[in-house]
Chemist: 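Attaching a single structure in structure tokens format; questions to follow.
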Amino acid sequence: MHVQISDLQFHYPSSSSPTIRDFSLYMQEGEIVSILGESGSGKSTILRLIAGLERPEKGSIRVGNQVYCEDNRSFLPVEKRGIGMVFQDYALFPHMTVEQNVMFGLKRWKRTERLQRVDEMLELIHMEEYRKRYPYELSGGQQQRVALTRALAPKPSLLLLDEPFSNLDAHLQQRIRDELRDTIKHTGTTTIFVTHDEEDARVLADRVVLVEKGGVKQVGRPCDLLRKSLQDRYQQTPIQV
Amino acid sequence: MTKSHFSVILHVDDKHSHLTKMIINKGPGIMKMKRKLPTTVSGWGALALFFVTILSLPTLFLIFRVFQPPSENWEHIREYMLQSYITDTLLLALWTGVFAVAIGTTLAWLVSAYDFPLRGTLKWALLMPLAIPPYIGAYTYHGMLNYTGVIQVTLREHFDTAVSQRYFDIMNMPGAVFIFTLFLYPYVYAITRAFFASQATSLVENARVLGSGPVRIFLRVVIPIARGAIVAGATLVVLEVLNDYGVVSYFGIQTFSTAIFQTWFAFGDLDAAIKLAGILMGIVFILLFLEKLLRGRRQFSYSNTKVSPLKPVPLKGWHKWMAVFYTGIIFTLGFFLPVAQLLYWSFLTYEDIFSNTFLALIRNSALAAGISAAGVVIIAIVIANFARMSKGWLPALTSRLTVLGYSIPGAVIAVGVISFFISMDEWLGAFYSSVGASTNLVLSTSIVMLLFAYIIRFMAVGYNSIEAGFDKIGMKFNEASRTLGMGWTETFLRVDLKMIRPAIFSGFILVFVDILKELPLTLILRPFNFETLASMAYRYASDERIQEAAPASIFIVLVSGVAMFIFHIIIEKEPN
Ligand SMILES: Nc1ncnc2c1ncn2[C@@H]1O[C@H](COP(=O)(O)OP(=O)(O)OP(=O)(O)O)[C@@H](O)[C@H]1O
Ligand SMILES: [Mg+2]
């Protein structure tokens with residue numbers, strides 16, 4: 001579903017200056033957009049606003065033909081938005097098995113459909129034999145896959161990922177990244193993911209949004225944007241071994 | 001007992017300062033959309049406010065009635081007695097505070113900074129005196145020291161010496177200070193030791209490197225940096241002294257607690273009792289204010305990023321044995337000796353005492369404590385969840401009011417609750433007669449009154465535990481659940497509640513044990529013929545049947561001792 005975000009404005013109660021200012025973004029259905037920026041630039045906050053975990057002071061968010069929020073007038077609570085979110089540390093429910101975690105968002109489905117969906121999803125990530133395990137019995141990469149599956153299972157209209165690879169070591173990161181791309185493309189879900197790794201953005205994203213101090217600095221295709229910044233970097237450090 | 005127990009007062013103050021105003025819907029909008037979240041929040045909020053109001057009503061009632069025109073008795077009390085109530089209460093509190101601080105901080109420092117034989121065991125053993133309620137300690141010591149007690153008998157029979165009775169009399173002011181100090185110093189000890197263990201120790205280590213001697217370091221560095229912790233511990237000690245009824249009435253000392261009891265029971269003058277309670281509450285508020293002042297702005301948080309525990313320095317030679325002797329003697333006096341004596345007396349009397357009546361006592365105690373503890377935990381969960389789901393002054397105020405009861409002395413709560421229930425009965429009188437009741441003292445003679453007072457008094461203990469549980473899991477699971485389509489209430493039931501189970505469990509146990517030991521509320525508010533272990537032990541003791549009081553007392557001591565031990569293990573084992 002297409003996404004239309006315009007002029008978001010937000011600040012945390014404890015900060016005096018706006019955390020997010022005039023953030024706008026338009027996305028086509030099925031597009032994968034990466035939000036790139038320095039630490040503290042407001043990337044996570046943007047995702048929280050889209051998810052409905054924070055409430056913007058100004059601006060609007062529409063997904064498909066649903067209005068998520070519009071200035072101060074309307075605000076659709078998180079649980080009504082039908083978004084999927086993967087948290088930085090996954091936040092898998094420790095008291096539930098893999099299967100129960102994945103099923104958590106399917107409570108309004110019919111029982112047979114629910115079971116079928118869980119099978120299908122676990123198959124997709126090749127984790128059928130782990131269905132009865134608890135999160136602490138899984139490796140980091142497996143947890144990440146379960147978290148992704150849990151978010152995708154209810155067929156969200158929009159998927160939000162907050163630094164999904166930051167807890168993984170480098171070579172695992174690559175594998176999971178490819179898997180993630182396949183999974184997302186397979187389901188055709190519109191996706192926004194936050195990262196500060198340019199390689200992530202290059203491999204995964206159709207488009208990249210560079211944020212700085214809570215606002216959009218640049219938008220473009222990864223190959224255009226990132227090549228340029230790589231060039232900048234090479235110019236700064238000309239000696240390469 | 002556990003940290004959460006001790007931190008009752010410590011953390012309340014600065015907890016919610018960061019909460020700021022919730023952004024609420026303004027202006028017109030799409031009704032259907034904006035309604036859902038506020039409805040759930042306000043549902044929880046309404047329930048939380050309802051509980052807080054009910055719990056604060058007796059106190060508000062009391063404050064309101066303090067200003068009513070005085071009775072004749074009151075003029076008499078004010079003119080002839082009030083001054084001595086005030087001086088005796090304050091003297092008792094002050095001296096106990098001073099000695100408890102002296103013993104508590106030196107012990108905590110010794111155990112934290114030095115290594116000596118048995119240190120590992122003594123570290124937690126020094127907490128154990130807290131398992132003995134002071135009133136039980138008081139009559140145990142009296143029993144040991146009096147003419148037929150173990151000490152005088154030994155002296156007479158084995159050493160053939162008879163010392164003047166004067167030296168064995170502890171039923172006076174110094175005696176009460178001794179008892180309170182011995183059984184309450186662990187508050188200071190525990191908080192300061194936790195402070196030494198968790199706070200930056202670089203200051204101390206620097207001082208060591210710079211060549212300051214140990215005494216100098218203790219007085220010039222340790223005491224000043226631990227000031228907040230010491231003041232917090234001392235405040236808890238003083239609050240316990242003000243709360244006490246058992247020790248002072250047994251020793252015949254006139255304090256506010258005993259005075260409130262007398263005016264109410266002997267003179268039947270509730271109005272005068274209310275006035276006394278009002279003054280005592282005023283003293284408590286001044287105390288809490290002083291605490292804030294003394295603790296300073298820093299609220300004893302020197303926490304910096306690198307927390308390295310202090311490395312204990314091994315003691316050598318006679319220093320080593322001095323340390324063992326000092327810590328050992330405090331443990332012996334504060335726990336080992338009284339427990340041994342109680343066990344011995346129980347051994348002498350258990351055949352007469354262990355009967356169906358004793359079982360009934362256990363059942364009464366367990367039921368009263370169990371029901372109230374469950375009430376505390378449920379109310380605490382509702383209020384803590386409200387405080388966490390919405391921001392602003394309202395939830396902040398709510399959680400503050402919730403923990404207020406812990407600083408209010410039992411006698412004050414009792415008077416507030418009684419007058420509140422009597423008014424309720426008057427108000428419901430017409431209703432009672434319409435359903436054909438023969439009396440219109442229904443609520444005020446029922447056990448509901450006692451359970452209600454327990455809940456007010458120990459709310460803070462349960463609340464702190466639950467709140468710590470919520471803090472520990474944080475918001476991320478809750479948020480994850482809501483992004484998966486669960487509302488607040490569903491999330492609470494399916495995620496939060498399951499995850500805070502350990503906190504619920506420990507909150508319940510802490511409150512349960514506290515209620516088991518509780519005396520003043522129990523004595524004033526228990527229904528006719530309803531005895532608990534605590535009230536029965538006290539009754540036997542005040543009838544000078546000290547040996548018969550032992551089985552009930554040892555039961556209380558063992559249950560709280562075991563609970564403390566378990567918590568100690570949990571806390572020590574738990575990774576940071
Ligand atoms: N709960 C909060 N309360 C107050 N300020 C916050 C809160 N969360 C974040 N901030 C502040 O808002 C700004 C943006 O934070 P945000 O977490 O969105 O950054 P980020 O781009 O995700 O950074 P990182 O890459 O380190 O995760 C920061 O300055 C941060 O200090
Ligand atoms: Mg972030």
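Numbered from 1 within each chain, the chains take letters A, B, ... in sequence-line order.
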Chemist: Using non-hydrogen atoms and a 4.5 Å limit, figure out which bit of B:M486 sits close to chain A: side chain, backbone, both or neither.
Modeler: both
Chemist: Pull out the residues in residues 105-118 of chain A that come under 4.5 Å of chain B, heavy atom to heavy atom, sorted by number.
Modeler: A:G105, A:K107, A:R108
Chemist: When heavy-atom pairs shorter than 4.5 Å are enumerated against chain B, which of A:G82, A:P156, A:A151, A:A91 gives the highest number?
Modeler: A:A91
Chemist: Under 4.5 Å from any heavy atom of chain B, what part of A:L160 do you find: side chain, backbone, both or neither?
Modeler: neither
Chemist: If we only count heavy atoms from C-beta on, is the A:T190 to A:H2 side-chain gap below 4.5 Å?
Modeler: no
Chemist: Side chain to side chain contact (heavy atoms under 4.5 Å, CB included) with A:L161: which of A:V194, A:L148, A:L204, A:I32?
Modeler: A:L148
Chemist: Should A:D7 and A:K58 count as an ion pair when the cut-off is N to O under 4.0 Å?
Modeler: no
Chemist: Charged N to carboxylate O under 4.0 angstrom, B:E490 versus B:R482?
Modeler: no
Chemist: Check B:E479 with A:R48, please: is the shortest side-chain N to carboxylate O separation under 4.0 Å?
Modeler: yes
Chemist: Would you mind checking which part of A:F104 comes under 4.5 Å of any heavy atom in chain B, side chain (CB onward), backbone (N, CA, C, O), both or neither?
Modeler: both
Chemist: Taking side chain as everything from C-beta outward and backbone as N, CA, C, O, which of these in B:T491 sits under 4.5 Å from a heavy atom of chain A? Side chain, backbone, both or neither.
Modeler: neither
Chemist: Are side-chain heavy atoms of A:I83 and A:Y68 found at a separation under 4.5 Å?
Modeler: yes
Chemist: Check B:R388 with B:D496, please: is the shortest side-chain N to carboxylate O separation under 4.0 Å?
Modeler: yes
Chemist: CD1 of A:I50 to CD1 of A:I192: how many Å apart, nearest 0.5 Å?
Modeler: 3.5 Å
